[in-house]
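Everything on this sheet refers to the single structure shown next.
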Amino acid sequence: MRILQGVDLVELERFREVFSRHPSFAQDLFTDAERAYCESRRDSSVHFAGRFAAKEAVLKALGIGITTGIDRAFREVEVSRTDSGKPMLHFHGWVATLSDRLRVRQTTVSISHSADYVIATVILLSQVG
Ligand SMILES: CC(C)(COP(=O)(O)OP(=O)(O)OC[C@H]1O[C@@H](n2cnc3c(N)ncnc32)[C@H](O)[C@@H]1OP(=O)(O)O)[C@@H](O)C(=O)NCCC(=O)NCCS
């Protein structure tokens, strides 16, 4: 088993700024279910930022940089929630193909918010290597 790890820290003020300048981000980067959850919360940006960080952390763990220019990959990483609120990862499309290629057998994600920052960490267990 090989551990693939990713982490991402989002500065909330900057995130809110970029998000308000590009309203299409919500549509471009998040799935319908993610948007429904975030928009149901009092301060949706905080929850969007957590999911954004989780997506970036997944791409880091998989070895794909954001600089690869793959907006689509953001929508192909989906964060859902259990009944208790625990976040879970789902991969679609090309990200799922890559994850299969790396024989990823287990995934975990954890998200935390403070007044100024949001952080997400991701661990993927791969059977390759
Ligand atoms: C999980 C918990 C420790 C979060 O702590 P917190 O300091 O309030 O919040 P943080 O900013 O650190 O983290 C928030 C994130 O924790 C994650 N989280 C929420 N519930 C979780 C759980 N049961 N297990 C793991 N992670 C959880 C979510 O990703 C959440 O962000 P999101 O709403 O954008 O998805 C706290 O909510 C808790 O003790 N929950 C226990 C389960 C519970 O009582 N659930 C209530 C539903 S009945």
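No hydrogens, no waters, no symmetry mates; every other heavy atom, side chains included, goes into these values. Every number for a ligand or one of its atoms is a count from 1 in the order of the listing.
Residues with a heavy atom under 4.0 Å from ligand 1: Y37, R41, H47, R51, S84, G85, K86, P87, I111, S112, H113.
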Review item, side-chain donor-acceptor pairs of residues 116-125, under 3.5 Å, at least two apart:
none

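Ionic pairing of E34 and K55 is present here: one or more N-O contacts between side-chain nitrogen and carboxylate oxygen are shorter than 4.0 angstrom.
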Given T31 and E78, is the side-chain hydrogen bond (donor to acceptor under 3.5 Å, both in side chains) satisfied, shown in steps? CA-CA 7 Å; T31 66; E78 180 166 26; 2.8 Å; yes

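For the side chain to side chain donor-acceptor pair (under 3.5 Å) condition, the pairs that include at least one residue of residues 1-25, sequence neighbours left out, are D8-K60, R16-D43, S24-D28. For residues 99-114, the pairs satisfying side chain to side chain donor-acceptor pair (under 3.5 Å) are R105-Q127, with sequence neighbours left out.
Ring-centre distance between F74 and F52: below the 6.0 Å cut-off.
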